[in-house]
*Asks:* 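One structure coming up, written as structure tokens, with questions to follow.
On a predicted model such as this, the values are computed, not experimentally measured, just so you know. Keep in mind that the numbers below use all heavy atoms, side chains included, and drop hydrogens, waters and symmetry copies. Just so you know, ligand 1 is whichever comes first in the structure, and atom 1 is the first atom listed for that ligand.
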Amino acid sequence: MPYDFRESERKWSDYWKRERIFRFDFQSGKEIFSIDTPPRYASGRMHIGHAFHYSHIDMIAKYHRLKGKEVFFPLCFDVNGMPIEVNVEKKYGIRMRDYDRQEFVKLCEEFADANIADMIQQFRMLGITADESLYYRTSSEMYRKYTQISFIRMYNSGLAYRGEHPVNWCPRCETAIAESEIVYEEREVSLNDIIFEGEGFKITISTTRPELLPGCVALAVNPGDKRYRDLIGKEVEVPIFRKKVKIIGDNDVIPDFGTGAEMVCSVGDKEDLKMIYRHSLPFVKTIDERGRMTEEAGIYRGLTVNEARERILRDLKEKGLFVSERKIKQNVGTCWRCSTPLEFLQKRQWFVKTISFKEDLKKWARELRWYPEFMRKRLEDWVDSLSWDWVVSRQRFFATPIPVWECDNGHAVVAREEQCYVDPLLDPPPYEKCPVCGSSLKGSDEVFDTWMDSSISPLFNAFYERDEELFRKMYPMTLRPQGQDIIRTWAYYSILRGNLLTGKNPWRDIMVDGNIMAPDGRPMHASWGNVVDPVQMVEKYGADAFRYFTASCSLGEDSPFRERDLVRGQRFVNKIFNLVSFLEFYQGKQTSDGELRPADHWIRRELNKTIRQVDDAMHSYSMDKALRLLENFIWHTLADSYVEIVKHRLSDRMAFQNVYRIILSSIVMISPILPFISEDSYQRFFRKYEGMRSIFDLSFPEEMEFDAGEAETGELTANVISMARDLKVKQRIPLSEKVSRVGIISKGIVIDERDVMGSLKAERVSFEQGEINERIVSVKLRPEIYQSLRGKAAQLEEMLRERPDLIEHGMEFEGIKIVKDDLTVIREYSVKGREARCSDNFCVTLEK
Ligand SMILES: [Zn+2]
Ligand SMILES: [Zn+2]
């Protein structure tokens, strides 16, 4: 009966849950391996990146369990912030700000709840056994309490502050946006040349944003620019608005950009802001929080930014002040959620100090072990690029409330720790009146940036402020697994806060995954029609096959989705199933004790090597390497070779026990990657001998004893057998049919003749002498050389077939040097007219 993955996967994931196999035991005396699971965003369907990333994490958890650790692998969800708000707006066709706040929050909770139920189901389907007894969600009062407490501590020690700063503002989402949330998109914009008039002169400036004309506070030119040098200090009139502004000189102006003269506006970009500070220019607010023109814009007041741009351009043209426009490409900072171009607004916000910790941050990052190491550079580059503190307040509804009340004079009263969790819109302040001025207090309606919640995950996981003894045991955690796209947010903020609040890094290791791309190598995108649904793939090939693919992707690199890897994974699963069926067939048929033969020593030696290498690979989070090693060992060394050798003597107890041990050890090693077939195999066959309730209760395999000399003989024996089997296939002799003789032509090798005869059904083995004739069947050039030789390549390959001397010593052809390594040579051998298979020091022939 073939393996039914659907039934098996359903059965064993139910079993794991029912038997609580993967539950963390607080009483256990074992060393803890703790994983700071990424709380998954409860905002929608699982995409392939989730399925990939959480499968990787699960493999690490299962491996360390086999290594005897008590594994802490919480199940958690991120249930805060804009992604959910935006989804709820879409789902119900409503606008958050037109809706009752508490009602809206309720809709968000419901939406998240429904998603979470699905997501837990998806995890189980993939064999991801995050521990439901360690469940948390960042929207729970319990979790938010510690977000608030950690903020209060930072506030009290001067690390968090209220300040007026220009912030990046999304007019669509009506909220401040942190630097880390800006997505730069290349867009085509118009660069417009506009005339400003001064006393007896005109100057043409270039701008991509004519709608900012009412907020123009100066014109700027480069002081080294001869065309404009003499105009510095003179006044000009802002067209339409008839306001006088000065021409200033600033080295940041690029003379080659447009006309080399530009406007300085207070809601322009970061460059404008620098000039405003440098030249002490005033702020003029021309765009409001919803992206509409303010009263400063006069007759354009109330228009959207785009409407104002069109109208102002039209009016400039009428007045003859518009010269020309041309399209240019520009990097525009946009909102990560809705792609709306961002504006700079001067706002009162809450900030957490980051800029003063830049050097510390790089030092802390160096103290962590990064997998792969190059990801640390990404964090360092990010830290170097930062220019402002972290703005942590958001003007949204669905997130952790900032635990603050304010009076009309702008004094802030922060909650007491023991009040938390607290919602200042519903709960009373710690004092009745403002302690500074005595006026009444109003609860803040601002909420925290979602990273304020998620960046305390290691603190929360380690029972920060909840249980001191546990905290000492659990902190720092062992591992933070995460995606590379959130190095500059989640990793960065977690390292910062962990260190600021506890003086220690939050983890020992950080592992960073790459992305799964579409089969065509591009990012998956609904509008490109190249999105792969992981659920469909699991239904088609099974979770193990899907995990096989994910394990094959190298850590930290982007990998295209390859359906053929799932096909291959499924075949590998069936191979394992057949190995166990093989054992099942032979169990209980042992009639003699027997003894260990050379091949048994050899397979033990190979197993030991595999154990060491797989252990190393898994230890350093290289699932791809572990998979390659195990696939090679199980498929080729074990199934194709050893099993075929040992088959003929499985009536011996020693032989059967050996193959039993080797197969079980292999399956235990692959079980973190392919948990379902492994558990299925264990329950079907091994459990009655091993006794434990699950394969995951066993230990990572120990090395087996072997004799080095015997193993050497065993390896040669295995090689002889595989070459002779090859000949049997080539000569169309059924593998089960007897042959009269296996001939070995060599200068004397030691092999186990009993296994050669037994596994090949040969009547005898004979050692002989004889001349070995070699014939070159084909010569193939390396593809690059083949291509550069164009039409002449085939001709050269033909010629080389006759010239072993040139193959050996190399040559030059059409000016290209060709050496031995550039060629793939297929040879055929024969001895005394009989077809042979040859290795470096012996040949094998077969006689029917
Ligand atoms: Zn937005
Ligand atoms: Zn006050």
*Asks:* With K347 as the cation and W169 as the aromatic partner, state whether NZ or CZ is under 6.0 Å from the six-membered ring centre and within 45° of the axis.
*Replies:*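 Yes - K347 lies over the ring of W169, closer than 6.0 Å to its centre and within 45° of its axis.
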*Asks:* I'd like to know if D315 pairs up with R311 as an ion pair, taking the criterion as any Lys NZ or Arg NE/NH1/NH2 lying under 4.0 Å from an Asp or Glu carboxylate oxygen.
*Replies:*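 Result for this pair is no, no salt bridge flagged.
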*Asks:* Do R326 and N192 meet the criterion of a side-chain donor-acceptor pair at a distance under 3.5 Å?
*Replies:*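 No, because no side-chain N or O of R326 sits under 3.5 Å from a partner of the opposite role on N192.
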*Asks:* Just wondering, more than 12 heavy atoms not from R162 lying within 6.0 Å of its CZ?
*Replies:*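 Yes, the 6.0 Å shell around CZ holds more than 12 heavy atoms from other groups.
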*Asks:* Please determine whether a side-chain nitrogen of the Lys or Arg among R209 and E343 lies less than 4.0 Å from a carboxylate oxygen of the Asp or Glu.
*Replies:*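 Here R209 pairs with E343 in a salt bridge, since their nearest N and O are under 4.0 Å apart.
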*Asks:* Suppose the cut-off is 2.8 Å; which protein N/O/S atoms would you list for the Zn ion (ligand 1)?
*Replies:*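 Listed by chain and number, the nearby protein N, O or S atoms are C170 SG, C173 SG, C335 SG, C338 SG.
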*Asks:* Would you kindly say whether S440 and K433 are connected by a side-chain donor-acceptor distance under 3.5 Å?
*Replies:*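 Side chains of S440 and K433: no pair found under 3.5 Å.
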*Asks:* What protein N/O/S atoms are found closer than 2.8 Å to the Zn ion (ligand 2)?
*Replies:*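 The answer is C407 SG, H411 ND1, C434 SG, C437 SG.
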*Asks:* So for atom CD1, which belongs to I254, do other residues, nucleotides or ligands contribute more than 12 heavy atoms lying within a distance under 6.0 Å?
*Replies:*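 Check fails, neighbour count at 12 or below.
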*Asks:* Could you tell me whether R394 and D449 have a side-chain N and a carboxylate O separated by less than 4.0 Å?
*Replies:*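 A salt bridge links R394 with D449.
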*Asks:* Less than 4.5 Å apart, any side-chain heavy atom of Y492 and any of L386?
*Replies:*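 With C-beta onward as the side chain, the pair touches.
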